[in-house]
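For reference, the structure is listed below as structure tokens.
Below, all heavy atoms of this structure are taken into account, side chains as well, without hydrogens, waters or symmetry copies. Chain identifiers are assigned alphabetically (A, B, ...) following the order of the sequence lines, protein sequences preceding nucleic acid strands; residue numbering begins at 1 within each chain.
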2 protein chains.
Amino acid sequence: MAPRTTTPTTDGPATRDRILLAAASLLDEAAGGAVSTRAVCERAGVQAPTLYHHFGSRQGLLDAVVSHGFREHLAARQDREGGTPEDPVDAVREGWDAHVRFGLDHPETYAMIYGAVRPGEPCGVAREVEAMIRATLEPAARSGRLRVTPAQAAAEVFAASSGVTLALIQQPADGRDDGLSHRVRDAVLAAVLVDGPSSPTPAPGDGPAASAVALTAALDAADDPPLSPGERVLLRELLDRLAGG
Amino acid sequence: MAPRTTTPTTDGPATRDRILLAAASLLDEAAGGAVSTRAVCERAGVQAPTLYHHFGSRQGLLDAVVSHGFREHLAARQDREGGTPEDPVDAVREGWDAHVRFGLDHPETYAMIYGAVRPGEPCGVAREVEAMIRATLEPAARSGRLRVTPAQAAAEVFAASSGVTLALIQQPADGRDDGLSHRVRDAVLAAVLVDGPSSPTPAPGDGPAASAVALTAALDAADDPPLSPGERVLLRELLDRLAGG
DNA sequence: GGCGCTCTATAGCGTCGCTATAGGTTGTAC
DNA sequence: GTACAACCTATAGCGACGCTATAGAGCGCC
């Protein structure tokens, strides 16, 4: 009998993935604090030095779990639903709901992102999510539905939606305020989007020319745009060029 | 010589407060994870059983620190500024700002609240803060300025403001988006308050900002706008100014 | 005097994150 | 065909952690 002490690299999931999976399942099923490296090693059938060989530290492992889990969640969603809605604003709403749902599906994982916040720069996962939101907002901006820059809007949406998600996670599952997420979502979006389905801004597909015309008109009507006289003249010239005059 | 082994109850701060203070200072000065019960005991000049006698557990101590710190922050604010504004809606805005500022003043403490979130019921501190927000909203409700129940409004305000605070904490201190908090605040309040005669900002008609945003996006999507690279950069700067307000 | 609260003091249990050390097995490169 | 690096096993332990047990001293109160 061959002593089955070592696992050939060809069979089963790679050791790294087994560790990842073990950590993820422990994180999901147990109360947050219970994910010890020892428990992960036992479940993965792996020795401690192996874990540290792959992930460096406990935090490195947890970061990898969160990042991997979120990416999988997004992939699964896209597979299930074929794609994003055609209306860019509906797509933004859809993105908000997906974010909140991920948090409720994996509360321990989600809470862990914010358990490790430090005044310093990181958490990489949060940055990733915010960039994802900004990407969702870009089409809306292109159709003239945004009243602020996509970066600003993304910051607001990210902050508000993660706050809602954390608040919902803290509530007991049976007594959750089901409307909370949508109420805050619509409040934030209302402040970020131009009013109404049809706006004074040009039609979506018209390109820069129409937007330039609209902006020229808006500038003429505005009382005190934050521009110096020289800047005003300069901007006007550029807008005229864009308008194709 | 009397062996100064025990401290009479009459001199110095009470033991409980010394422990609280030691934990608070450790939390503020060190990176979050460094607040061990042993370090707290050493700094407070206290034995381990005493700590557990007063606070039950490490988490109980941390809860007390956060709660006490927040109450002190509020008291200090009220002392500095004479009291809450007479207009109930202004008081709500003031409460939001106080909440966010507390988080930025004590990032480690604030982040800790959310590091301990569990799907189950707790965290006592969060409940306490939400109740505080509800109390602030009560006068506004009494004067007929709320369009939802105070409890609903408090849930929204709590979720959004804590999300904003956590987002700001994660940003590097020098590159913080100063307007983020107020933008989200006004968005949430606008959805929760009846459209009163006194609004925070005088009816922002879409104006040039929305057109500027739309044009920026259209330029990004356009293949070959009739502009030189230099003109493009210049136009972008002007458009950002118009969009940023 | 008895009782309960508060605090000291020592000592220890079980667990944790992490590392040192050593040896076995693999696929690849020279 | 052997040397090599990567990967993994296995054991064993360090220092720190949260928390508790136990015993007793000083104090205020009925």
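Residues A/Asp63 and A/Ser67 have side chains not in contact (no heavy-atom distance under 4.5 Å, counting atoms from C-beta outward).
Between B/His73 and B/Phe70, the ring planes lie parallel to each other; the angle is under 30°, not in the 30° to 60° tilted range. Note: B/His99 and B/Phe158 have parallel aromatic rings, judged against thresholds of 30 and 60 degrees for the angle between ring planes.
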Extract all donor-acceptor atom pairs below 3.5 Å that involve side chains of residues 38-54 of chain A and protein atoms in other chains or at least two apart in sequence.
{"residue": "A/Arg43", "atom": "NH1", "partner": "A/Ser25", "partner atom": "OG", "Å": "3.0"}
{"residue": "A/Arg43", "atom": "NH1", "partner": "A/Glu29", "partner atom": "OE1", "Å": "3.3"}
{"residue": "A/Arg43", "atom": "NH1", "partner": "A/Glu29", "partner atom": "OE2", "Å": "3.3"}
{"residue": "A/Arg43", "atom": "NH2", "partner": "A/Glu29", "partner atom": "OE2", "Å": "2.9"}

Donor-acceptor pairs are to be reported for all side-chain atoms of residues 135-142 of chain B against protein atoms at under 3.5 Å, with residues two or more places apart or in another chain.
{"residue": "B/Thr136", "atom": "OG1", "partner": "B/Met132", "partner atom": "O", "Å": "2.8"}

Show me the donor-acceptor pairs, under 3.5 Å and distance only, between side chains in residues 180-188 of chain A and residues at least two apart or in other chains.
{"residue": "A/Ser181", "atom": "OG", "partner": "A/Trp96", "partner atom": "NE1", "Å": "3.0"}
{"residue": "A/His182", "atom": "NE2", "partner": "A/Asp97", "partner atom": "OD1", "Å": "3.3"}
{"residue": "A/Arg183", "atom": "NE", "partner": "B/Glu156", "partner atom": "OE2", "Å": "2.4"}
{"residue": "A/Arg183", "atom": "NH2", "partner": "A/Asp177", "partner atom": "OD2", "Å": "3.1"}
{"residue": "A/Arg183", "atom": "NH2", "partner": "B/Glu156", "partner atom": "OE2", "Å": "3.4"}
{"residue": "A/Arg185", "atom": "NH1", "partner": "A/Asp97", "partner atom": "OD1", "Å": "3.2"}
{"residue": "A/Arg185", "atom": "NH1", "partner": "A/Asp97", "partner atom": "OD2", "Å": "3.0"}

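Here A/Thr165 pairs with nothing under the side chain to side chain donor-acceptor pair (under 3.5 Å) rule; sequence neighbours left out.
Rounded to an integer number of Å, the gap from CG of A/Leu51 to P of D/dA10 is 16 Å. At whole-Å resolution of the value, CD1 in A/Ile19 and C1' in D/dT9 are 13 Å apart.
In this structure, the helix from C/dG1-D/dC30 to C/dC30-D/dG1 shows an angle of 0° between the axis at its start and the axis at its end, each fitted on 5 base pairs and rounded to 10°.
Of the possible polar contacts, one joining the B/Ser162 side chain to the B/Ala159 backbone as a donor-acceptor pair under 3.5 Å is found.
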Nucleotide-resolved protein contact map, nucleotides 16-24 of chain D, B/S/- at heavy-atom distance under 4.0 Å: -BBBBB---
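Phosphate contact (OP1/OP2 of C/dT8, side-chain N/O of B/His53, threshold under 4.0 Å): absent. Contact annotation: A/Gln47 side-chain N/O to D/dA10 OP1/OP2 distance is under 4.0 Å. Within the structure, every side-chain polar atom (N or O) of A/His54 is placed at least 4.0 Å from both OP1 and OP2 of D/dC7.
Contacts of A/Gly60 with the nucleic acid, taken as non-hydrogen atoms under 4.0 Å apart, are absent.
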